[in-house]
Enquirer: 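Mind having a look at this structure? Questions to follow.
Just so it is clear, the structure is predicted and the values come from calculations on it, not from any experiment. In what follows, every chain begins at residue 1, and chains take the letters A, B, ... in the order their sequences are listed.
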Amino acid sequence: MPKKFYARDPAYVARGLLGKVLCRVFEESVLAGFIVETEAYYGRSDPASRAYRGSGDLASTLCGDIGVALVYGVHGRWLFNIVAHTPGGCGGILIRALEPISGVEVMKRFRGTDDVLQLTNGPGKLSEALAIDKRLHKVPVYSASSEVTVRRGREERDIARGFRVGVTEDLDVPLRFYVKSSKFISTRRY
DNA sequence: CGCCAGATTGACT
DNA sequence: GTCAATCTGGCGG
C-alpha cells in the first residue's frame with residue numbers, strides 16, 4: 001500500500017486495512033496473513049492512546065511520520081501498530097488478528113502450538129508468530145524492501161464494528177473493526 | 001531513581 | 001475467577 005493510504009482518519013484506515021495482507025520477511029521465511037481485526041487510536045482526545053498524556057517516543061511517533069510501524073510492549077507482549085492520521089494529527093491502528101496465509105509451519109514453531117486457530121488471533125499472539133519486536137519500531141510498512149509490509153489483499157464483505165478490547169476508558173464511538181465470519185478474530189470479551 | 005499501570009496471554013485454583 | 005510475566009514512560013520523592 002502506498003504511503004498516502006495512511007494519510008486519513010485512523011478509523012477509516014482501520015476499516016480499510018481489513019482484508020489487506022500483513023507480510024513479514026524473516027530470515028528465509030515469508031510470514032503473511034490477511035488482516036481480520038483492527039482498532040483505531042487517536043491522540044490527545046483519546047484516553048486510551050499513548051499520546052493522550054505524555055511526550056515520550058511513543059507519543060511523538062504516533063504524531064509523526066505516517067505509514068511506519070509502532071511497536072510497543074505491554075504485559076510482556078509486543079503490540080504492532082501502524083501510524084496513520086491526517087496532516088498535523090495523531091493516530092494509529094492496532095492490528096489485533098490475522099488469518100495466516102504463508103509460513104504457517106514457522107509460526108507454529110514461534111508460537112509453540114500446532115493449533116492454526118491459536119497462531120494469530122490476538123495482538124500479542126500475532127507479534128510472536130511473525131517475530132515482531134522492538135527492532136521493527138518505526139520501520140516504514142509502505143516500502144517494498146522493509147521487513148514488514150502491508151500489501152493489497154482481498155475484499156471483505158461482512159464487516160462489523162464494536163468497542164475496543166481491553167481499554168479501561170473508551171470513547172463513545174466504536175473503533176474496533178473485524179471480519180464477522182472470520183474464525184481468527186481474538187476471542188476475548190467484546 | 002524507584003514505583004506503578006497498561007491496547008495481553010495462558011497457567012493454575 | 002485469579003495471577004504473574006515483562007517493557008515503556010509518567011510521575012513522585
Enquirer: Using a 6.0 Å cut-off, check whether atom NZ of Lys183(A) has over 12 heavy atoms from anything other than its own residue.
Expert: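 Not more than 12 within 6.0 Å, no.
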Enquirer: Specify the residues of residues 114-130 of chain A, ordered by number, for which at least one heavy atom lies under 4.0 angstrom from an atom of DNA chain B.
Expert: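 Residues of residues 114-130 of chain A under 4.0 Å from DNA chain B: Gly122(A), Pro123(A), Gly124(A), Lys125(A).
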Enquirer: So, Lys108(A) and Glu105(A), do they make that salt bridge, N to O below 4.0 Å?
Expert: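 Between Glu105(A) and Lys108(A) there is a salt bridge, with a charged N closer than 4.0 Å to a carboxylate O.
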Enquirer: With a cut-off of 6.0 Å (strictly less than), are more than 12 heavy atoms of other residues, nucleotides or ligands near CZ of Arg154(A)?
Expert: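 More than 12 within 6.0 Å, yes.
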Enquirer: When the P atoms of dC12(B) and dT6(C) are compared, how many Å lie between them, rounded to an integer?
Expert: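 It comes out at 15 Å once rounded to the nearest Å.
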Enquirer: Just N and O in the side chain of Arg77(A): are any of them under 4.0 Å from OP1 or OP2 of dA4(C)?
Expert: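 The answer is no; no side-chain N or O of Arg77(A) sits under 4.0 Å from OP1 or OP2.
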Enquirer: Compare the minimum distances between each of dC7(C), dG6(B), dA7(B) and the side chain of His75(A), then state the nucleotide with the smallest one.
Expert: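 Of the candidates, dG6(B) comes closest.
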Enquirer: For dG6(B), take OP1 and OP2 only and decide whether either is under 4.0 Å from a side-chain N or O of Arg50(A).
Expert: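 No, outside the criterion.
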Enquirer: Please state how far atom CZ in Arg176(A) lies from atom P in dA7(B), giving the value in whole angstrom units.
Expert: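 It is 15 Å, rounded to the nearest whole Å.
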Enquirer: Taking the C1' atom in each of dT8(C) and dG10(B), what is the distance between them to the nearest angstrom?
Expert: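 The same atom, C1', in both gives a distance of 22 Å.
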Enquirer: side-chain contact (heavy atoms from CB on, under 4.5 Å) for Leu175(A) and Tyr41(A)? Distances and angles first, verdict last.
Expert: CA-CA 8 Å; Leu175(A) 290 172; Tyr41(A) 285 82; over 6 Å; no
Enquirer: Looking at Arg164(A) and Glu39(A), is any side-chain nitrogen of the basic one under 4.0 Å from a carboxylate oxygen of the acidic one?
Expert: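 No.
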Enquirer: Output the distance between atom CG (Leu70(A)) and atom CG (Asp65(A)), rounded to the nearest 0.5 Å.
Expert: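 If I round to the nearest 0.5 Å, the distance is 12.0 Å.
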Enquirer: The side chain of Leu58(A) is closest to which nucleotide in this list: dG9(C), dA7(B), dT8(B)?
Expert: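 Minimum distance to the Leu58(A) side chain belongs to dG9(C).
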Enquirer: Checking side-chain contact (heavy atoms from CB on, under 4.5 Å) for the pair Leu22(A)/Phe80(A): CA distance, chi angles, key distance, verdict?
Expert: CA-CA 11 Å; Leu22(A) 182 65; Phe80(A) 180 76; 3.7 Å; yes
Enquirer: Distance check needed: dG6(B) C1' versus Asp46(A) CG, whole Å only.
Expert: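 Computing the Asp46(A):CG to dG6(B):C1' distance gives 14 Å.
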Enquirer: Would you tell me whether Arg151(A) and Thr149(A) have side-chain atoms, one donor and one acceptor, within less than 3.5 Å of each other?
Expert: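 Their side chains do contain a donor-acceptor pair, which is all the 3.5 Å distance test asks for.
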Enquirer: Please state how far atom CZ in Phe177(A) lies from atom P in dA7(B), giving the value in whole angstrom units.
Expert: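 Atom CZ in Phe177(A) sits about 18 Å away from atom P in dA7(B).
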Enquirer: Starting at atom CD1 of Ile132(A), determine the distance to atom P of dT8(B), rounded to an integer number of angstrom.
Expert: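 Interatomic distance, CD1 of Ile132(A) to P of dT8(B): 16 Å.
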Enquirer: Nearest whole Å is fine: how far is dA7(B) P from Arg96(A) CZ?
Expert: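 After rounding, the reported distance stands at 11 Å.
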Enquirer: Are His137(A) and Asp57(A) close enough, and set up right, to give a side-chain contact (heavy atoms from CB on, under 4.5 Å), and what steps lead you there?
Expert: CA-CA 11 Å; His137(A) 189 48; Asp57(A) 176 58; 3.0 Å; yes
Enquirer: Can you tell me how far C1' in dT9(B) sits from the matching atom in dG9(C), rounded to whole Å?
Expert: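 dT9(B) and dG9(C) have their C1' atoms separated by 22 Å.
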Enquirer: Under 4.0 angstrom, heavy atoms only, what part of the nucleic acid is Asn81(A) near: base, sugar-phosphate, or nothing?
Expert: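 Contact class for Asn81(A): base.
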Enquirer: Reading 5' to 3' and counting Watson-Crick or G-U wobble pairs with both distances under 3.5 Å, write the dot-bracket notation for DNA chain B, | for bases paired outside the strand.
Expert: ||||||.|||||.
Enquirer: At less than 4.0 Å, is any side-chain N or O atom of Arg111(A) found next to OP1 or OP2 of dT9(B)? Yes or no.
Expert: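 Result: no.
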